[in-house]
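Input: a single structure, listed below in structure tokens.
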Amino acid sequence: MAETNAFTSFNTSHANTNLDINSKIVGLTRSGFTYIDPELNLVHDDSFGTMEKISDSPLTVKYTIKDGVNWSDGNPVDKGDMLLQWAILSGHFDAPGEDAKPKFFQYAGSTDGLNLTAKPTFENDRTMTLVYSEPYVDWEIAFDMNLGTAAQPAHVVAKRAGLADEAALVSLLESATPAQANEQLAAVAKVWGEDFTTKTLPSDPEMYLSNGPMIVSQMEQDQSVTLKRNEAYTGNRAAKVDEITVRFIGDAAAQIAALRNGEVDVIAPQATTDTVEQVKGLQGVNVLEGSQLAYDHVDLSFDSDVFKDANVRKAFMMTIPRQQIVDRLIKPMYPQAEVVNSQLYLPSEGEAYTKAVEANGSAPYHDVNIEEAKKLLAGKTPTVRILYNNGNPIRVDAYSMIAQSASQAGFRVQDMGSADWSQKLGDGTYDASLFGWVNPGVGNAGIPQLYSSTGGGNYGKYRSAEVDALAKSLLTEIDPAKVDDIKRQIDKHLWDDGFGATLFQSPGIVGVSDQVGGLDVYMPNQTGVWWNFWEWTVKS
């Protein structure tokens with residue numbers, strides 16, 4: 001397997017190590033209550049355990065891990081693991097407020113709306129019940145024990161934090177007082193946050209235990225990670241291959257050459273006109289294509305002097321040549337591509353997307369309208385600084401088209417392209433940003449993070465009391481129809497306020513050697529080809 005970025009940590013959930021490549025590799029070594037299929041259905045894995053909603057008021061969910069589910073050292077996955085994960089995901093022990101202390105676990109996700117304030121109760125060491133103080137829109141994926149969660153072995157964390165054993169960790173988590181300094185809890189959080197970060201194979205096997213189908217066997221720093229079948233795994237997703245080696249090849253051309261030469265069996269390079277053409281031209285290679293659950297967009301900065309004026313925001317959005325960008329940059333790779341006309345839905349979501357676009361007020365921005373933009377500017381010639389990744393050829397070309405079009409209306413566009421663009425997001429040095437978001441395909445808790453006034457991903461400092469209220473109500477709504485209604489309302493506010501303009505879903509391409517079986521369905525979310533790794537086979 002070829003992947004673009006290098007592995008850095010067995011902890012995928014800490015703010016410093018929440019990287020896509022880490023989640024992919026650690027995901028091979030973890031089991032959980034659910035996983036996602038290519039139709040974006042949530043599939044329950046009863047061989048790991050069961051998850052049952054036993055009450056709506058209050059929202060109450062019971063989790064039972066199946067007997068025999070163990071870590072690869074034979075230690076059971078049980079109460080300590082579940083309790084540690086609850087402590088991390090809930091933020092229960094942290095002082096309230098963004099800057100208040102103590103803050104223990106630096107979790108990469110958000111605990112907003114989670115409302116897991118009550119401590120879990122246990123019928124036995126493998127059955128836990130969580131009671132929510134309010135309903136939670138994403139309750140079904142909030143506590144999974146798998147990808148994107150805090151699933152580190154509790155008995156190892158306890159030992160390395162200086163506690164007597166896992167039972168001592170359980171006692172600590174059951175007795176510690178929230179929002180108070182606690183040396184033992186701080187030590188546990190430090191171990192969880194730091195000890196599992198490594199680019200080489202740890203000398204202590206406890207640092208890379210597995211409860212999933214595969215287990216790491218070798219690591220070459222910044223070069224590769226090799227995993228072998230976990231013989232201790234007893235679930236339904238046992239791997240059919242003996243070994244998987246993941247090679248880190250950052251350059252798309254080098255990935256294609258490696259596949260051509262038989263050095264790797266699977267690649268998923270960034271789709272450009274050149275890479276698509278080259279992958280399709282390879283002999284003995286099956287090609288999978290589709291739209292990723294990722295989309296590029298232009299966000300405007302509401303703290304920027306130039307965009308404090310709503311008319312200037314709307315004028316700039318009217319100059320963005322969205323259809324031209326799609327026609328020139330995306331359709332040559334993926335002819336079905338279309339302009340995205342919603343902030344919250346993607347064209348691949350079908351009817352939900354269509355309904356949103358019909359009502360969201362995006363119509364004035366569907367086509368470039370230079371004359372109307374000039375009227376809104378009323379003779380002004382604002383300077384707009386645009387931040388983007390100047391190492392990404394698609395974004396370089398998109399920036400050029402935006403700059404050229406905007407200049408026709410009187411805007412003076414300043415190139416703020418940077419290799420360090422991601423570190424500059426939200427720093428106030430630009431007026432508009434061109435980048436991409438990845439949609440996991442399930443769940444809605446990410447919406448407040450992007451669009452509420454206090455959302456960590458709201459880099460444009462957009463503020464709307466109406467959106468804040470809607471985002472808050474979204475988190476406590478579990479009726480799917482009402483969830484969609486709230487999302488459509490948020491979508492309309494974003495377009496009406498001139499939040500920014502969505503561009504296109506990113507095309508995806510995967511090249512698979514015809515010697516590999518079981519890898520024949522395109523997966524649009526960030527899991528990518530890894531979604532069914534246990535079904536892969538290799539022809540002998």
Side-chain angles (χ1 to χ4, degrees), residues 3-5 12 18-24 27 34-43 108-110 137-138 140-141 144 146-148 268-272 276 288-299 322 325-326 329-331 333-357 360 392 394-395 422 434-451 457 474 480 483-484 487-488 490-491 494 500-510 519 521-533:
E3 283 284 346
T4 300
N5 299 307
T12 69
N18 181 228
L19 304 179
D20 186 52
I21 184 61
N22 294 342
S23 294
K24 288 175 177 176
T34 63
Y35 62 91
I36 304 170
D37 71 13
E39 283 74 47
L40 306 179
N41 298 310
L42 205 61
V43 182
S110 172
V137 63
D138 287 346
E140 204 168 5
I141 57 173
D144 184 66
N146 199 345
L147 281 183
Q270 182 189 18
T272 65
V276 169
L288 308 178
E289 292 182 275
S291 288
Q292 300 181 52
L293 289 183
Y295 62 100
D296 274 29
H297 51 96
V298 177
D299 293 352
R322 301 192 297 146
I325 289 170
V326 171
L329 303 182
I330 308 303
K331 281 194 174 182
M333 298 179 278
Y334 191 63
Q336 303 95 314
E338 59 183 284
V339 174
V340 174
N341 288 313
S342 170
Q343 298 283 357
L344 301 187
Y345 293 92
L346 296 172
S348 59
E349 295 180 84
E351 184 180 0
Y353 169 78
T354 303
K355 286 185 175 180
V357 174
N360 67 11
N392 183 315
I394 289 178
R395 296 200 180 122
S422 63
L434 165 61
F435 65 108
W437 284 126
V438 180
N439 187 327
V442 295
N444 295 283
I447 291 173
Q449 288 182 267
L450 300 185
Y451 305 116
L474 176 69
V483 166
D484 277 335
K487 289 169 66 176
R488 286 193 291 267
I490 293 174
D491 201 11
L494 295 172
T502 44
L503 300 178
F504 55 82
Q505 278 189 259
S506 302
I509 187 164
V510 178
L519 214 170
V521 177
Y522 182 79
M523 171 54 135
N525 84 347
Q526 66 259 50
T527 310
V529 298
W530 298 98
W531 78 271
N532 71 332
F533 66 89

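No experiment lies behind these values; they were computed from the predicted model shown.
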Does some side-chain heavy atom of T502 sit less than 4.5 Å from a side-chain heavy atom of S342? no
Residue set satisfying side-chain contact (heavy atoms from CB on, under 4.5 Å) with V298, at least two apart, ordered chain then number -> L300, F316, I320, I402, A432, L434, L503
For the pair Y35 and N532, evaluate side-chain contact (heavy atoms from CB on, under 4.5 Å) and give the outcome as yes or no after the intermediate values. CA-CA 10 Å; Y35 62 91; N532 71 332; over 6 Å; no
Quick one: does L288's side chain get under 4.5 Å of V521's, heavy atoms only? no
Could you measure the distance from the CD atom of Q343 to the CG atom of L494? Nearest 0.5 Å is fine. 5.5 Å
Residues that D37 engages under salt bridge (Lys or Arg N to Asp or Glu O under 4.0 Å), provided they are two or more places apart: none
Hey, what do you get for CE (M333) to OG1 (T272), rounding to the nearest 0.5 Å? 6.5 Å
State, to 0.1 Å, how close Y353 and L346 come at their nearest heavy-atom pair, and which atoms those are. CB-O, 3.2 Å
For a quick test of reading the model, state the closest non-hydrogen atom pair linking S291 to Y334 and the distance between them. OG-CE2, 3.1 Å
Can you tell if the side chain of I447 reaches within under 4.5 Å of the side chain of K487, non-hydrogen atoms only? yes
Side chain proximity check, P524 to L40, heavy atoms < 4.5 angstrom: yes
Smallest heavy-atom separation, Y522 atom then G508 atom, equals OH-CA, 3.3 Å
Are W530 and M523 side-chain neighbours, meaning at least one heavy-atom pair lies under 4.5 Å? no
Determine whether a donor-acceptor pair (N or O, by modelled atom type, separation under 3.5 Å) exists between the side chain of D138 and the backbone of A445. yes
To the closest 0.5 Å, what do you measure between CG (N18) and OG1 (T12)? 6.5 Å
Side-chain heavy atoms of I330 within contact of Q505, under 4.5 Å: no
Does K24 pair with D20 as a salt bridge, N-O distance under 4.0 Å? yes
Nearest-0.5 Å distance, CG of residue L519 to CZ of residue F533: 12.0 Å
Is the closest side-chain heavy-atom distance between Y451 and L344 below 4.5 Å? yes
Ignoring hydrogens and angles, tell me if any N or O in the side chain of N392 forms a donor-acceptor pair with the backbone of I394 under 3.5 Å. yes
Indicate yes or no for a side-chain donor-acceptor contact from D144 to the backbone of T34 under 3.5 Å, with no hydrogens or angles considered. yes
Heavy-atom closest pair (I141 atom, G443 atom, distance to 0.1 Å) is CD1-CA, 3.8 Å
Does the side chain of Q526 come within less than 4.5 Å of L293's, by heavy atoms? no
Looking at every heavy atom in both P507 and A271, which two are closest together, and how far apart are they? O-CB, 3.5 Å
Which residues satisfy the ring-ring contact (aromatic ring centres under 6.0 Å, His included) test with F435, sequence neighbours excluded? H297, W421, W437
Let me see the working for T4 and Q270 under side-chain contact (heavy atoms from CB on, under 4.5 Å), right down to the final yes or no. CA-CA 9 Å; T4 300; Q270 182 189 18; over 6 Å; no
How far does CD1 of I36 sit from CG of L42, to the nearest 0.5 angstrom? 6.0 Å
What's the spacing between Q292 CD and F504 CZ if we round to 0.5 Å? 10.5 Å
